[in-house]
Amino acid sequence: MNRTSSLFLFLGLLASPLAQAEDPVDIGALKNSEIQVVQKALYAMDDTTEFTMAGGLSPFDPFTLGTKVQLSYASHTTNSRAWEVQVGAGFGLKKATYKTLDSPAYGKVPEAYRYLGSITGGILWSPIYAKMNYKGQRVFHHDVYIPAVAGVTVEQAVDRNLVASALERLSFAPTVGVGLGVRVFLHNGNALRVELRDDWMLQHRGGSDTWALKQNVGLHIGYAAISGGK
């Protein structure tokens with residue numbers, strides 16, 4: 001065997017294991033216990049601010065349907081925690097139940113109050129960040145958050161005849177609320193927000209001069225402009 005043949009034989013022996021190493025290896029299906037690394041969040045919220053415009057409804061009151069427009073500003077101190085302030089305004093519309101009781105057939109006007117406005121603030125905790133695949137073509141990044149707030153809600157007695165003055169018809173009720181929300185991130189870095197929140201109010205009612213615990217469950221859907229971040 002001459003030197004040229006020996007050289008080609010040596011190169012062939014070197015190339016053989018390299019070619020074998022490049023072949024794909026089937027490792028089978030991974031178990032949950034075998035997965036140790038998860039891709040980091042694509043849309044990190046650390047050190048960002050979030051301004052949200054949202055519309056809302058409170059459909060579960062037996063006498064009124066609350067409509068609402070809400071502006072909120074949040075400062076995210078970490079990926080999972082933020083401080084947020086919300087300012088809302090709206091109006092409660094009479095439901096069929098209220099109109100029926102107020103009709104000549106019954107003549108018994110309920111002491112109902114409707115939403116006018118609110119100022120609340122508190123913390124948003126986002127323990128879950130996830131990705132959802134839609135029809136194998138598009139991936140949606142989203143997080144799930146829990147809002148816990150406190151503040152004041154202003155409501156008004158629906159019946160003008162229950163109290164003597166317009167001011168006495170108003171109720172400035174201390175409020176606490178907790179809920180569940182989803183923030184779906186868009187390609188431009190902003191997000192769509194859907195939030196269900198349960199507000200509890202300690203309300204003074206001028207017509208009967210009594211205190212009552214009232215519950216407002218509201219559904220809010222809005223657009224969040226997110227800025228800052230690293």
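Since we're looking at a predicted model, the values are computed, not measured.
Residues forming a salt bridge (Lys or Arg N to Asp or Glu O under 4.0 Å) with Arg193 (at least two apart in sequence, or on another chain): Glu50, Glu84, Glu195. The ring pair (Phe, Tyr, Trp, His ring centres under 6.0 Å) check on Trp211 picks up His204, with sequence neighbours excluded. Looking at residues two or more places apart in sequence or on another chain, you find no side-chain hydrogen bond (donor to acceptor under 3.5 Å, both in side chains) involving Thr77. Applying the side-chain hydrogen bond (donor to acceptor under 3.5 Å, both in side chains) rule to Glu111 yields the partners Ser208; only residues at least two apart in sequence or on another chain are considered. Applying the side-chain hydrogen bond (donor to acceptor under 3.5 Å, both in side chains) rule to Asn188 yields the partners Tyr223; only residues at least two apart in sequence or on another chain are considered. Applying the side-chain hydrogen bond (donor to acceptor under 3.5 Å, both in side chains) test to Thr175 and every residue at least two apart in sequence or in another chain returns Thr153.
Both Leu170 and Val152 are assigned to one and the same hydrophobic cluster, defined by single-linkage of ILVMFWY side chains at heavy-atom distances under 4.5 Å. The cluster map of Ile, Leu, Val, Met, Phe, Trp and Tyr, joined by side-chain heavy atoms under 4.5 Å apart, puts Met132 and Val139 in different clusters. The hydrophobic clustering, which links ILVMFWY residues whose side-chain heavy atoms are closer than 4.5 Å, places Leu93 and Leu116 together. Linking Ile, Leu, Val, Met, Phe, Trp and Tyr residues whenever their side-chain heavy atoms come within less than 4.5 Å places Val217 and Val194 in a single cluster. The hydrophobic cluster containing Leu202 does not contain Val149, counting ILVMFWY residues as joined when their side-chain heavy atoms lie under 4.5 angstrom apart, directly or transitively.
A distance of 9.5 Å separates CG in Asn190 from OG1 in Thr52, rounded to the nearest 0.5 Å. Here Ser75 contributes atom OG and Asp47 contributes atom CG; the two are 7.5 Å apart, rounded to the nearest 0.5 Å. Rounded to the nearest 0.5 angstrom, Asp198 CG and Phe60 CZ are separated by 9.5 Å. Here the straight-line distance linking atom NZ of Lys68 with atom CG of Leu57 works out to 11.0 Å at 0.5 Å rounding. Taken from CD in Gln203 to OH in Tyr113, the straight-line distance is 6.0 Å, to the nearest 0.5 Å. Note that the OH atom of Tyr43 and the OG1 atom of Thr48 stand 13.5 Å from one another [nearest 0.5 Å].
Through direct or indirect side-chain contacts shorter than 4.5 Å among Ile, Leu, Val, Met, Phe, Trp and Tyr, Leu124 is connected to Tyr145. In this structure, Phe51 shares a hydrophobic cluster with Met53, Leu71, the cluster being traced through Ile, Leu, Val, Met, Phe, Trp and Tyr side chains under 4.5 angstrom apart.
In this structure a side-chain-to-backbone donor-acceptor pair under 3.5 Å is missing from Thr64 to Gly66. One N or O on the side chain of Thr67 and one on the backbone of Phe91 form a donor-acceptor pair closer than 3.5 Å.
For residues 148-175, the pairs satisfying salt bridge (Lys or Arg N to Asp or Glu O under 4.0 Å) are Glu155-Lys214, with sequence neighbours left out. The stretch residues 92-104 participates, sequence neighbours left out, in no side-chain hydrogen bond (donor to acceptor under 3.5 Å, both in side chains) pair at all. Sorted by first and then second residue, the salt bridge (Lys or Arg N to Asp or Glu O under 4.0 Å) pairs with a member in residues 199-208 read Arg197-Asp199; sequence neighbours excluded. Sorted by first and then second residue, the pairs that involve residues 114-125 and meet side-chain hydrogen bond (donor to acceptor under 3.5 Å, both in side chains), not counting sequence neighbours, are Gln86-Thr120, Tyr115-Ser118.
Of the options Arg81, Met45, Arg183, a side chain to side chain contact (heavy atoms under 4.5 Å, CB included) to Ser126 is made by Arg183 and by none of the others.
Side-chain contact check for Val182 versus Asp143: every heavy-atom pair is 4.5 Å or farther apart.
Taking the ring centroids of Phe185 and His141, they lie at or beyond the 6.0 Å cut-off.
A side-chain donor from one of Thr49 and Ser227 sits under 3.5 Å from a side-chain acceptor of the other.
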